[in-house]
Amino acid sequence: MLTRRTAVKLTALAAAGLASGLPLRAERTFASMRPPLKQRKFVSDAVEAAVTETSKRIDDAELRWLFGNCFPNTLDTTVETGERNGGPDTFVITGDIHAMWLRDSSAQVWPYLPFAARDAKLRRLLAGVVRRQSYCITVDPYANAFNKGTEGSYWERDLTAMKKELHERKWEIDSLCYPVRLAHGYWKATGDLSVFDDEWKRAMRLVLRTFREQQRKEGNGPYKFQRETPVAHDTVPLGGYGNPTRKVGLIHSMFRPSDDATTYPFLIPSNYFAVTSLRQMAELARTVGAMDIAAESAALADEVDAALQRYAVQAHPEAGRIIAYETDGFGNALFMDDANVPSLLALPYLGAMSADDPLYRNTRAFVLSGQNPYFFAGTAAQGIGGPHVGMDMIWPMSITLRGLTSSDDPEIRTCLRMLRDTHAGTGFMHESFHKDDPAKFTRKWFAWANTLFGEFVMKVAAERPHLLKGTL
């Protein structure tokens with residue numbers, strides 16, 4: 001493992017190389033940035049074998065190094081395994097924040113599902129994530145992030161119904177979708193139904209109740225949120241209930257997956273994700289005999305889907321008919337996309353829409369252009385950011401999702417190249433970096449971005465191995 005001094009030196013060299021155009025890549029050696037074996041939180045034999053085998057197929061030395069560092073990063077550094085009520089329990093932190101987001105934890109372990117069937121230890125870890133998420137939902141279905149115990153949080157003063165078990169209580173539709181996606185994926189990968197116990201069923205009924213409450217057909221519902229802050233997107237207007245909407249069957253979301261407040265409460269990518277998740281819930285519920293859950297989730301999926309058909313597609317003055325990012329049911333729409341997932345760009349990745357759908361293709365062209373106010377193109381890379389970090393800051397996650405949802409070889413190769421060239425010598429993906437200077441980045445330890453990048457490389461290796469031949 002590189003020392004801190006060496007890592008800092010590499011960062012400086014990388015920044016200097018980007019500024020001068022020097023071919024530093026060919027002059028460098030790439031020592032693993034993973035923790036020493038004894039310091040790793042978890043080791044999966046199946047994942048280690050996959051890293052070894054996939055690495056052999058990557059000719060580009062720096063890309064191979066990045067993949068080896070990033071793909072196992074969640075297991076190396078963020079998982080805490082144990083037992084609760086006689087079953088597996090896995091707490092997954094995001095990286096540099098010691099809290100478990102329902103979204104991040106699901107996404108962080110998702111790429112390991114294909115290995116669960118042949119690795120009993122890994123299967124138990126994944127079962128523990130599903131069980132921990134079910135428990136978290138029963139604590140509070142409106143919370144986005146949880147503590148491991150009852151230690152409280154520095155967000156305790158937020159003007160909402162905080163509990164000691166919560167790290168943060170921002171209501172985001174995707175926080176309840178991701179655990180369904182993971183549970184469904186776990187079942188498909190392993191056939192194991194043991195995690196779908198009474199607590200899981202109770203959690204799913206709470207998901208349904210929360211989605212119904214946030215359709216707001218009978219008032220605002222029980223959730224509101226305000227924070228004393230100078231940052232506008234960190235709090236919710238109009239008494240904590242958000243801007244006005246016409247109740248049309250869509251689900252309100254006070255926050256985006258970036259943890260930023262919505263402008264118009266009908267967050268369209270998250271409503272698409274909800275439809276997909278509700279249908280997965282229905283399939284799972286039928287399998288375990290929870291017919292009430294199956295019937296209600298199927299009916300709600302159909303209702304939200306019908307509302308999307310009517311209100312999601314809007315006329316942009318230049319791009320034509322595309323999917324809006326947010327709407328309010330009154331005819332107003334916000335035309336943009338954010339790097340965080342669910343996003344408009346990521347809809348096929350989440351199984352919410354075909355990548356070949358003409359509507360998606362037109363929307364994709366919009367979000368990957370200057371018509372999207374959060375698409376940034378600079379001398380280092382081009383990609384999507386968002387209000388969370390600010391202008392000119394590209395999120396590697398958006399480049400990864402662009403590659404994951406593309407069927408175009410040159411585009412995929414360009415995405416791999418941009419990701420290879422913008423880690424600032426650290427060997428890991430970051431939350432964001434400046435479009436002209438990757439040495440200016442946020443969050444050096446962001447496990448979701450790392451594992452997602454590894455998933456992208458694995459997909460290329462499996463489906464388009466020719467793209468990994470030669471130097472990018």
Side-chain angles (χ1 to χ4, degrees), residues 92 99-110 129-146 160-161 163 165-187 195-196 199-216 221-225 242 249-259 262 265-285 290 292-294 296-301 303-305 307-308 340-343 346 350-352 448:
V92 185
M100 179 166 167
W101 266 254
L102 292 177
R103 168 186 54 255
D104 292 46
S105 60
S106 299
Q108 284 168 241
V109 301
W110 175 264
V129 180
V130 174
R131 284 171 48 82
R132 167 63 71 149
Q133 290 179 341
S134 297
Y135 162 72
C136 288
I137 292 169
T138 65
V139 170
D140 188 348
Y142 281 106
N144 58 327
F146 295 79
T160 189
K163 298 178 181 178
E165 295 91 340
L166 308 185
H167 175 76
E168 194 171 46
R169 194 173 187 257
K170 288 181 171 180
W171 160 237
E172 302 160 356
I173 292 173
D174 66 280
S175 291
L176 297 184
C177 296
Y178 270 106
V180 176
R181 180 183 189 240
L182 180 64
H184 185 267
Y186 174 81
W187 167 54
V195 297
F196 306 116
E199 184 172 67
W200 180 83
K201 293 171 188 174
R202 186 161 67 252
M204 294 306 101
R205 292 185 178 103
L206 282 169
V207 171
L208 290 168
R209 189 186 79 184
T210 304
F211 282 170
R212 286 291 187 191
E213 287 173 349
Q214 289 306 312
Q215 286 181 301
R216 298 191 181 180
Y223 177 83
K224 63 178 181 177
F225 180 99
L250 293 172
I251 303 167
H252 297 67
S253 189
M254 291 302 95
F255 289 89
R256 302 167 180 164
S258 59
D259 298 338
T262 52
F266 293 145
L267 181 56
I268 297 302
S270 291
N271 272 268
Y272 273 108
F273 191 16
V275 171
T276 300
S277 300
L278 285 165
R279 289 181 174 148
Q280 291 172 339
M281 186 195 298
E283 183 184 7
L284 258 178
D292 61 319
I293 296 175
E296 185 175 353
S297 54
L300 183 54
E303 182 180 347
V304 177
D305 189 32
L308 284 168
N340 282 263
V341 182
S343 61
L350 297 171
W448 180 12

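If you read the sequence from its start, that first residue is 1, and numbering goes on from there.
To the nearest 0.5 Å, the span separating OG on S175 from CG on D104 amounts to 9.0 Å. Atoms CG and CG, on N271 and L250 in that order, are 4.5 Å from each other to the nearest 0.5 Å. With rounding to the nearest 0.5 Å, the separation of OG in S277 from CG in L350 is 8.0 Å. Between F266 atom CZ and S253 atom OG the span is 11.0 Å, to the nearest 0.5 Å. Here the SG-CG distance, from C136 to L176, works out to 11.0 Å after rounding to the nearest 0.5 Å. The line from CD1 of I251 to CG of L278 is 6.0 Å long, rounded to the nearest 0.5 Å.
Within the 4.5 Å cutoff, the side chain of D259 has heavy atoms near those of the R103 side chain. Counting heavy atoms from C-beta outward, V130 and L182 have side chains that approach closer than 4.5 Å. When side chains are defined from C-beta on, V180 counts as touching M204, because their heavy atoms get closer than 4.5 Å. Here the side chains of R205 and D292 are in contact, with some heavy-atom distance below 4.5 Å. Between P222 and E213, the closest side-chain pair of non-hydrogen atoms falls below 4.5 Å.
Nearest heavy-atom pair across L206 and T210 is O-OG1, 2.7 Å. Smallest separation of non-hydrogen atoms from A352 and T276: CA-OG1, 3.3 Å. The two residues P342 and P257 come nearest to each other via the heavy atoms O-CG, 3.4 Å. Here the closest heavy-atom approach between residue V275 and residue D305 is recorded as CG2-N, 3.7 Å. Nearest heavy-atom pair across P141 and W171 is O-CZ3, 3.9 Å. Here the closest heavy-atom approach between residue A161 and residue D140 is recorded as O-OD2, 4.1 Å.
Scored by the side-chain contact (heavy atoms from CB on, under 4.5 Å) test, R212 finds Q215, K217, E296, L300, E303 as partners (sequence neighbours excluded). Partners of A99 according to the side-chain contact (heavy atoms from CB on, under 4.5 Å) rule, which considers only residues two or more places apart in sequence or in another chain, are I97, W101, H167.
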Chi angles and distances behind the side-chain contact (heavy atoms from CB on, under 4.5 Å) call for V304, F211: CA-CA 10 Å; V304 177; F211 282 170; over 6 Å; no

Criterion side-chain hydrogen bond (donor to acceptor under 3.5 Å, both in side chains) on T160 and R169, from CA distance to verdict: CA-CA 7 Å; T160 189; R169 194 173 187 257; 2.6 Å; yes

Derivation of the side-chain contact (heavy atoms from CB on, under 4.5 Å) call for F146 and L102: CA-CA 8 Å; F146 295 79; L102 292 177; 3.8 Å; yes

Derivation of the side-chain contact (heavy atoms from CB on, under 4.5 Å) call for V129 and S106: CA-CA 8 Å; V129 180; S106 299; 5.7 Å; no

Evaluation steps, side-chain contact (heavy atoms from CB on, under 4.5 Å), between L284 and Y186: CA-CA 11 Å; L284 258 178; Y186 174 81; over 6 Å; no

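Under 4.0 Å is where a charged nitrogen must lie from a carboxylate oxygen, and between R181 and D174 no such pair does. Between R279 and E283, no side-chain nitrogen of the basic residue sits less than 4.0 Å from a carboxylate oxygen of the acidic one, so the salt-bridge criterion is not met.
Between F196 and W200, the ring planes are perpendicular. Angles over 60° get that label, and only those under 30° would be called parallel.
A side-chain hydrogen bond (donor to acceptor under 3.5 Å, both in side chains) with Y142 is found for one member of K224, K170, Q214 and no other, namely Q214.
Between F255 and F225, a ring centre-to-centre spacing shorter than 6.0 Å is recorded.
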